[in-house]
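Since the structure comes first, as structure tokens, the remarks are kept for the end.
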Amino acid sequence: METMANRVTVGLDGSPESTAAARWAAHEAELRGASLDLVHAEEWLENPPLPVTTTEERRRWAEAVLRDTADETHRAHPSLKVDTRRVGGLPSLALARAAEDSDMLVLGSRALGSIAGFLVGSTGASTVIEAVRPVVLVRSVDRAGNPPDGTRDRGPIVVGVDIHQPCDKLLAFAFEEASHRRCPLVVIHGWSPPPILSYAPALDPGVQQEMAHGITTTLDEMISPWHEKYPSLQVDSRATIGQPAIQILDAASTAALVVVGRRIRHSAFGAHIGPITHAVMHHAVAPVAVIAHE
């Protein structure tokens with residue numbers, strides 16, 4: 001695990017979604033015994049809630065958003081240390097930099113409804129790509145800025161892993177989060193049999209069962225060191241047949257938090273979010289933590 005400053009950073013833009021993110025982040029910071037850093041990125045607003053025109057008006061408005069959110073947080077969490085600040089620059093880069101020494105960066109996500117799930121704004125998606133720290137996307141369940149019930153520790157933590165790739169950062173985050181919340185952890189690996197088995201299943205009826213056993217064994221071996229580190233946690237590992245994103249979303253329907261990964265890719269085409277993480281970000285009802293890893 002990387003050394004961090006025991007801080008949770010949240011981005012604010014005055015929307016109900018960012019209010020939900022701030023409330024979720026305050027609860028998370030309290031669980032971790034961390035401080036809360038409220039950050040407003042200048043020029044962030046994709047759809048400003050009011051016609052802000054001059055630099056001075058923008059400054060006063062941003063300061064009011066930070067001050068009002070800090071006041072609400074102090075009322076709900078009187079023992080929590082809360083800092084506020086404004087940062088400049090390209091919003092996605094500014095937010096990512098602001099959270100470089102934090103446990104995580106929390107952002108709001110616009111919701112299309114309970115079925116459609118997340119509609120991640122361009123700033124949120126860009127920040128996920130830029131950030132080296134975990135980014136948690138929280139949607140509001142109403143226009144009052146209330147986050148999902150996961151803030152009250154209901155449901156398990158769900159993490160999706162690929163047994164063919166290193167997933168230590170994902171597992172470290174998921175196990176630590178489940179430990180903070182004292183809730184069960186569900187580890188999901190979705191897989192599909194090779195097409196040849198669909199065309200000629202009678203060739204060897206035991207092949208799929210043998211493959212399933214091998215995959216389950218590999219998954220158990222992957223999480224074994226973490227299970228030993230957190231022996232009191234209830235861990236349910238599942239190697240299920242089907243598209244990974246669908247398996248993760250099914251398991252996460254009642255989760256407090258779902259954890260997925262974003263591979264750090266160094267290419268001429270730039271960084272991007274993989275299809276599984278992209279699907280979970282846009283359709284999960286629960287807050288989604290995206291973990292950057294090699």
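Under the 3.5 Å distance criterion, with hydrogens and angles disregarded, no donor-acceptor pair is assigned to the side chains of S126 and S92.
We find that R60 and E63 are not joined by a salt bridge, their nearest charged nitrogen and carboxylate oxygen being 4.0 Å or further apart. Residues R32 and E177 are paired through a salt bridge, judged by an N-O separation under 4.0 Å between the basic side chain and the carboxylate. At a threshold of 4.0 Å, the pair R85-D83 does not count as salt-bridged, since none of the basic side-chain nitrogens sits closer than that to a carboxylate oxygen.
T73 contributes a side-chain N or O that, together with a main-chain N or O of T69, makes up a donor-acceptor pair within less than 3.5 Å. At least one donor-acceptor pair under 3.5 Å links the side chain of R262 to the backbone N or O of A131.
One distance of note links CG of D13 with CG of L95; it measures 9.5 Å at 0.5 Å rounding. H189 NE2 to I223 CD1: the interatomic distance, rounded to the nearest 0.5 Å, is 12.5 Å. Atom-to-atom distance recorded for L93:CG and T127:OG1 is 8.0 Å, nearest 0.5 angstrom. One distance of note links NE2 of H180 with CD of E28; it measures 7.0 Å at 0.5 Å rounding.
Counting non-hydrogen atoms of other residues, nucleotides and ligands closer than 6.0 Å to NE2 of H278 gives a total of 12 or fewer. Other residues, nucleotides and ligands contribute over 12 non-hydrogen atoms within 6.0 Å of the CD atom of E30.
Classified by interplanar angle (parallel below 30°, tilted 30° to 60°, perpendicular above 60°), the ring pair F175/H227 is tilted.
No continuous path of hydrophobic side-chain contacts links I248 to I246 [ILVMFWY only; heavy atoms under 4.5 Å].
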